[in-house]
Structure formats: structure tokens, C-alpha cells
Amino acid sequence: MRFLKKLILFTLLVLLAAAAAVCGRLLFQGYEIYQQVTGEVPLTQKVEEIRSNPHYTTLDELPQIYKDAVIAAEDSRFYKHGGFDVISTARAVFTNLREGELAEGGSTITQQLAKNMYFTQEKKFLRKVAELFVAFDLERDYTKDEILELYLNTIYFGSGYYCVYDAAEGYFGKEPSQMTDYESTLLAGIPNAPSVYSLTNSPELASQRQKTVLKYMVEQDYITKERAEEILSEGEVQQVGTTP
């Protein structure tokens, strides 16, 4: 029995050492990718390229409810974490294991911005590691509001719209600052799966996603349940969902 216990302990130690070695190698390789991409185009240059877009929209030009909706739907702990959210990641892993599929992602807004700036949408682990190093740089060099602003100017909204200005103009025929509460919460849900929730292709699915966004906003005390119901009612009298 004593020998068996020692054998089990030794086996566990070997497995842990092997896992640590694999993780260390992956971190090193991810860091090399990070160094390569940021060496070719420094982070500050990437940021300036985004800000030079004629349609670049500042946070001040966006409805507060739109910003709240994005935070509620995409990264509820955005203002609390440092670029990587252990709690959200653990929750996503648990949910995916329970569902038996990739039902939920754990990337923060900062990580998504890093991906938009340097990497493809392909889900490769080494890319995720490299993305994390960029996210840490963003958190170190820019404020949370600056990161959120850059994110909203780089995300894809479906139908060929790659920033919030183009999406508001394309879907609603107006500038972002003119969006109603209904339009704001509708638009906030699209980047989760732009090919699925595009208002041009799937207005019904976009409306379903909007209800989820509003549910998150109620749960996180951005709005009341009554206000959420009012917003949905307001949408019934608006001709939203097609390009003007």
C-alpha cells in the first residue's frame, strides 16, 4: 500500500512537471509571436492608424446606454480586471464543459481589441497567448476608456461595417450619437456573432440577441426590468432592421 501511494504521488508529480513544461513552451512561443508582430508594427502605430480613420468615434459621441450595453454584453468586469479576467475565463470553461461545446467565450474587451489589431479570427491557442501579451501592453499604456473607445472603432458589425460609426450609419441611417435606446441595445449585441446577428441578414436573430443584452443590463443594474420592456416596446414602432 505504501509503495502504491508513492507510485501515485510520483506519477502525479511527473504529470505536473510535464504540464508545466508544455505550458512554459506555449508561453514562450506565444511571446515570440507577440514580439514579432509588435516589432513589425509597434502598438502606438496601430493605435494611431485606428484613430486616423475619418469615421473614428470618441466615447463622448456615443449614447451612454450603448456603452453600458456593450460592457454588460461583452465584458461585465471590464473596469475591474487587468486585461485578463480569471473569473470570466473559469466561468466560460465550466459552461463549455457543461454544454459539451464552445458555447461561451472568455475573452475580455482588451483581448478582443488586441486580436482586432494584430491577429486573425482563427482560434489558435498560440495566437491567444500572443494576444494576451498585447492585451497587457494595452492595459499598461492606455486607460480603460481609451481601450473601450478603440475597441468600438475596430469591431465588426456584419454587412461590411467595421466600426460603430459605419454600423450606425449603415443600419439606421444616422450617426452613433443619434441612436435611440432601442437601436443602441440592438447594435450592442451584433459583434458577439456578426454573421449571425447582422440586421441585413437576420433581423429576427438580432432581436433575440438584443433581449439577451437587455437581460444582462437588468442583471447588472444598468437599467430596470421595466425600462428594458419599454425599450423593446419602442422598437415595435420603429422600422429598424433594414438598411435605409
Side-chain angles (χ1 to χ4, degrees), residues 53 55-79 88 91-92 95 99 103-105 107-109 112-113 116 121 145 147-244:
N53 184 340
H55 288 169
Y56 186 84
T57 306
T58 65
L59 286 188
D60 292 341
E61 297 173 296
L62 294 168
Q64 185 61 47
I65 192 171
Y66 173 71
K67 293 178 283 188
D68 291 343
V70 171
I71 296 295
E74 296 291 328
D75 188 356
S76 62
R77 289 169 39 81
F78 174 65
Y79 285 99
S88 294
R91 182 174 62 244
T95 299
E99 300 294 330
E104 182 177 328
S107 293
T108 65
I109 282 176
Q112 293 179 63
L113 172 60
N116 293 341
Q121 302 298 313
D145 284 350
I147 291 171
L148 178 60
E149 185 175 287
L150 289 165
Y151 171 70
L152 297 176
N153 282 276
T154 58
I155 49 177
Y156 185 51
F157 291 87
S159 301
Y161 306 133
Y162 285 89
C163 66
V164 64
Y165 184 97
D166 291 348
E169 186 179 62
Y171 286 135
F172 310 128
K174 57 181 67 174
E175 295 183 3
S177 61
Q178 300 171 323
M179 289 191 299
T180 65
D181 289 357
Y182 178 83
E183 292 165 342
S184 293
T185 55
L186 185 62
L187 193 66
I190 295 175
N192 178 258
S195 61
V196 175
Y197 299 128
S198 164
L199 294 181
T200 303
N201 300 327
S202 308
E204 297 84 3
L205 292 178
S207 293
Q208 292 178 23
R209 173 62 181 169
Q210 179 187 28
K211 292 177 182 177
T212 301
V213 171
L214 289 168
K215 179 174 72 73
Y216 290 150
M217 296 184 74
V218 171
E219 292 173 349
Q220 296 170 37
D221 295 324
Y222 284 110
I223 57 175
T224 64
K225 184 177 180 180
E226 292 72 22
R227 181 57 190 145
E229 293 172 350
E230 289 173 358
I231 290 172
L232 289 176
S233 297
E234 291 168 5
E236 294 177 359
V237 296
Q238 291 186 35
Q239 299 298 315
V240 177
T242 58
T243 304

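- Residues P191 and F157 are in side-chain contact: their nearest non-hydrogen atoms beyond the backbone lie under 4.5 Å apart.
- Put simply, CG on L187 and CG on L62 are 9.5 Å apart, with the number rounded to the nearest 0.5 Å.
- Between L148 and Y79 there is a side-chain heavy-atom pair separated by less than 4.5 Å.
- The closest side-chain donor-acceptor pair between Q64 and D68 falls under 3.5 angstrom.
- When each of Y165, Y161, Y197, Y182 is paired with Y171, the ring-ring contact (aromatic ring centres under 6.0 Å, His included) condition holds for Y161 and for no other.
- Side-chain atoms of S76 do not come within 3.5 Å of backbone N or O of A72 as any donor-acceptor pair.
- A donor-acceptor distance shorter than 3.5 angstrom exists from the side chain of E149 to the backbone of L59, with no hydrogens or angles considered.
- Interatomic distance, L152 CG to E74 CD, rounded to the nearest 0.5 Å: 9.5 Å.
- Smallest separation of non-hydrogen atoms from P194 and G158: CB-N, 3.5 Å.
- In the model, T185 has a side-chain atom that pairs as donor or acceptor with a side-chain atom of Q210 under 3.5 Å.
- L214 places none of its side-chain heavy atoms less than 4.5 Å from the side chain of Y222.
- The two atoms that bring M179 and A168 nearest to each other are SD-CB, 4.0 Å, heavy atoms only.
- With respect to R227 and E234, a salt bridge is recorded, a charged nitrogen being found less than 4.0 Å from a carboxylate O.
- Few gaps surround NZ on K215; more than 12 heavy atoms of other groups in view lie less than 6.0 Å from it.
- Going from atom CD of E175 over to atom CD of E169 covers 7.5 Å, rounded to the nearest 0.5 Å.
- Using modelled atom types and a 3.5 Å distance limit, the side chains of Y66 and E183 yield no donor-acceptor pair.
- Note that CG of L205 and CD1 of I190 are 11.5 Å apart. Values are rounded to the nearest 0.5 Å.
- At least one side-chain heavy atom of L199 sits under 4.5 Å from a side-chain heavy atom of F172.
- Residues I147 and F78 have side chains in contact (heavy-atom distance under 4.5 Å, counting atoms from C-beta outward).
- At a threshold of 4.5 Å between non-hydrogen side-chain atoms, the residues I223 and V218 count as touching.
- For the pair I231 and I65, the minimum side-chain heavy-atom distance is below 4.5 Å.
- Although no hydrogens or angles enter the test, the distance criterion places a donor-acceptor pair under 3.5 Å between the side chain of T57 and the main chain of H55.
- Between I71 and I109 the shortest side-chain heavy-atom distance falls below 4.5 Å.
- At distances below 3.5 Å, not a single donor-acceptor pair connects side-chain atoms of S202 with backbone N or O atoms of S198.
- How far OG of S177 is from CG of D60: 11.0 Å, rounded to the nearest 0.5 Å.
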